[in-house]
Amino acid sequence: MRARIKFAKYDTMRFIGHLDVMRYFQKLFNRANLPIKYTEGFHPHQILSFAQPLGLGITSDGEYLDIELTTEMECGKIVSLLNRFTTRGIEILDAVRLEDRETNRKLQTAMSLISRSVYLILLKDGFEACRNVIPALNAFMSQKEIKALKKTKKGEKEICLSDYIYEVWDYSHGGFKPIYWNPSAVSVVTKGLADRSSLHAPDFENGIKFIVSLSAGSETNINPELFLETFLNASSLSLNASDFRIHRMELYGGEPDRSVSLCQIL
Amino acid sequence: MKETKLALSDDILMSVEKPARYIGSEINAVNKDVFSADVRFCMCFPDVYEVGMSHLGIQILYDLFNQREDTCCDRVYSPWPDLDKIMREKNIPLFALESQQPVKIFDFLGITLQYEMCYTNILQILDLSQIPIYAKDRADDDPLVIGGGPCSYNPEPIADFFDLFYLGEGETRYYELIELFKENRKNGGSRMDFLKMACRIPGIYVPAFYDCVYNEDGTIKSFSPIYNFAPAKIKKEVEMNLSETFYPEKPLVALTQAIQDRVVLEIQRGCIRGCRFCQAGMIYRPIRERSVEFLKDKAKKMLDSSGQDEITLSSLSSSDYSALHELVYWLIDEYKDKHINIALPSLRIDAFALDVMSKIQDVAKSSVTFAPEAGSQRMRDVINKGLTKEDILNGASLAFKGGWNKVKLYFMLGLPTETDEDAEAIAELSNDIAAAYYLLPKEERHGKVSVVTSTSFFIPKPFTPFQWTAMADKETFNARQQKLSAALKKTLNAKSIKYIWHDLETSELEGVFARGDRRLSRAVYEAYKRGCIFDSWNEFFKYDVWKTVLDELGFDIGFYNTRERSFDEILPWDFIDVGVSKSFLMREYENAKKATVTPNCRQKCSGCGAATFGGGVCYESKN
């Protein structure tokens, strides 16, 4: 049976790189004695496929991993079993059954589906400028067009960043106010999502935080650092990207105008 | 969500390579409240995290200490040079991984000494921890710095940096030491009071209680206790029942890949072979086996609790473990279908080994390894390596028939009595092995044969029959290496043989510290002050700096390395009793010079002295 696992990566685990997260899960499955399927051949390895790798230092409530099991298992049981053997920093949030290989010939992996990501960006404590962040963000997003330099394999390329920003919300002090909405995309961010998907994010006393929804996946992937840096460069806040923490809230698949969470695309 | 408070800020962690080295949080880490523990012990491996995390000894002691409710044992490793720099700039004290608290709040800092080239890293640890470098400068509230591990069998070059050393196997006396520490604190005793009592515990050496006087020629005139309560001779500690003792059931698993990223099963300690160059073969005598039941039980528990997908057997010579067949076939039966790899290093290549290897490895990709150590039979007799050319060629032929075509060979250059011919014999043996492959009928061969011949330089070590011998000088090493290299190129199968050699300059310094005396601590400190650190890493080893320091401080490398010592010279490590007697080592040195072979412990007891421990192989036939 194929299954998609949703998990949170938080606290000290934010310093564990993508390859090490893979190794972590391989060992977790072994400890939990999950009947995971292996590839054939002399060096068999577990059949795992991760969605979008998460940058170092970023926490998340929206990580996805596709697995294959040799036997049928109830999804609720997969979640509880893995949570019994995981350690602080990785928590299994959900598991859903995926179509089998036989019926799903194209075999869409979590990675290939991704089209949008939602991030929570939080200001760390200890900065005078904290009250000016949201007004500056409002000003930044009210521009007609936002240009940015995106690093590609061939060097840097100027892109129109605003085309790839779908939503921006002010989530400071637990409030929930719209800052920007891109009419070409359907809105996916709700107060419910914000509350649910920020459970493993850090807390700071200043309470300044905002949510951005960006284009993601293989077509045009905008990483949250690029957004943050472009914003800070354009503002007069005298803050650096490292003065903020980033938390991934959710990943979505489908066209921008009808995005659905990865756990709903089976 | 409330996050764990780390010693380093996000900014620092994000700016260094592999921040996972510094955050703790490993699987099976024991996170105790360091402040409420009666005794705080910080265990250190003075090298980078991935190396230190691969070490079994620390895992055994970590488990041993943390089994005690009154003790909190945390770990620390050497910060990599990138973080080292930041910690100095920002004056951040070195911290333990679990509690993320400064090392200096611990009662003990235990440092394992696995190789000589880690000595400057010890000073890095002390310095970054803000603990005075010299033991004499430490105050009552500084941690007690305790050393252990193979290099503590000649602790003298670093003796001044340590408050005490534990000589021998940790299982036996650490609880006693902890109890003593608690009692001393209850009684309001000082650091000195503790050390005075500690030195009476067998295996404990307190360097400050001993004085070393030198002759004009630099050799030792006398080495003796300053106080009458300090024992003149210190006997190493040995755990005689390895099947009823501490062994971790929940091994730590690093979150970033360790060098040894697998479960380690130590099947026995000691070795029956008596190779004359090998320190481990002497200092861990007598050989003691763990029972198969014990090992099966631990293997299962460790694999279950760690989720590791590989298990390796560890010992000096696995083939000598008497129940090896039973254990290995059990592992294969139990785990082969569960996708657990089994690694069997230090296995003599014979029919059994090849059968096992064919079951657990991809024959086409793996290689077979031989360690003849020397090329000529005479030379192998000198070092008492009980291996004939016939054995090696038979083993290789068996392997070739079994489908292997890659062979790795390990040799040493500069062995006592070695001549150019002995060095060149390495080329001949390498060639003969390659040639043996082509004796197979063509249809049985799998492509071309590949032989990798690698040489290291022989470094005489304390407590071996070669402890008196002159190490070859640089010119000799170079000349032999060139002779061998040229001879290899001239062999018929030269195209199939690849030659790899070990760095000469590191070996020279390792030689100095292996048999060095107490005066050398000044050189270690001076080299450290001039930036030497991570000396065992080629990219950081600063030979020129070391050389200048030794010159400026008046140390003669030749005095330590290339001088033949006489039997009546007092050696810096003579105050340690490892069981194996000096008279045995002398006898063995004489046998070496005559190229006379001494039988192994199971063939015939040679009366080395290890029987004093009352068990192991010495009593096997008497049970």
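To find a chain, count down the sequence lines: A is the first, B the second, and so on, and within it residues start at 1.
- Ranked by heavy-atom pairs shorter than 4.5 Å toward chain B, the options A:Lys124, A:Gln26, A:Arg14, A:Gln46 are led by A:Arg14.
- Contact annotation for A:Thr59: only side-chain heavy atoms (C-beta onward) come within less than 4.5 Å of a heavy atom of chain B.
- Of the two parts of A:Pro44, only the side chain, counted from C-beta on, holds a non-hydrogen atom closer than 4.5 Å to a non-hydrogen atom of chain B.
- Residue B:Lys250 qualifies as open at atom NZ: its count of foreign heavy atoms under 6.0 Å is 12 or below.
- The number of heavy-atom neighbours closer than 6.0 Å to NZ of B:Lys408, taken from other residues, nucleotides and ligands shown, is 12 or below.
- Residue contact with chain A, scored on non-hydrogen atoms closer than 4.5 Å, involves the backbone and the side chain of B:Asp10 alike.
- For the pair A:Lys77 and A:Glu72, the salt-bridge criterion is not met [side-chain N within less than 4.0 Å of a carboxylate O].
- By the neighbour-count criterion of 12 heavy atoms within 6.0 Å, atom CZ of A:Arg131 is sparsely surrounded, having that number or fewer from other residues, nucleotides or ligands.
- A cation-pi arrangement is absent between A:Arg245 and A:Phe204, since the terminal nitrogen or guanidinium carbon is not both under 6.0 Å from the aromatic centre and inside a 45° cone about the axis.
- Looking at B:Lys2, the atoms closer than 4.5 Å to chain A (heavy atoms on both sides) all sit in the backbone: N, CA, C or O.
- Heavy atoms of other residues, nucleotides or ligands lying less than 6.0 angstrom from CD of A:Glu74 number 12 at most.
- Only the side chain of B:Leu6 comes within less than 4.5 Å of a heavy atom in chain A; its backbone stays farther off.
- Rounded to the nearest 0.5 angstrom, B:Ile12 CD1 and B:Lys90 NZ are separated by 5.5 Å.
- Of the listed residues B:Ile27, B:Leu303, B:Leu13, B:Ile23, the one with more heavy-atom pairs under 4.5 angstrom with chain A than any other is B:Ile27.
- Counting heavy-atom pairs closer than 4.5 Å to chain B, the top residue among A:Tyr38, A:Tyr24, A:Tyr10 is A:Tyr38.
- Proximity to chain B involves both the backbone and the side chain of A:Leu56, based on heavy atoms less than 4.5 angstrom apart.
- Both the backbone and the side chain of B:Thr256 come within less than 4.5 Å of a heavy atom of chain A.
- Nearest heavy atoms, A:Val79 versus A:Ile92: CG1-O, 3.8 Å.
- Across all non-hydrogen atoms, the minimal contact from B:Val263 to B:Ser306 is CG2-OG, 3.6 Å.
- When heavy atoms are compared at a cutoff of 4.5 Å, A:Thr87 approaches chain B solely by way of its side chain, counted from C-beta outward.
- Only the backbone of B:Ala254 comes within contact range of chain A, judged by heavy atoms closer than 4.5 Å.
- Heavy-atom pairs under 4.5 Å with chain B peak, among A:Ile16, A:Asp11, A:Asn30, at A:Asp11.
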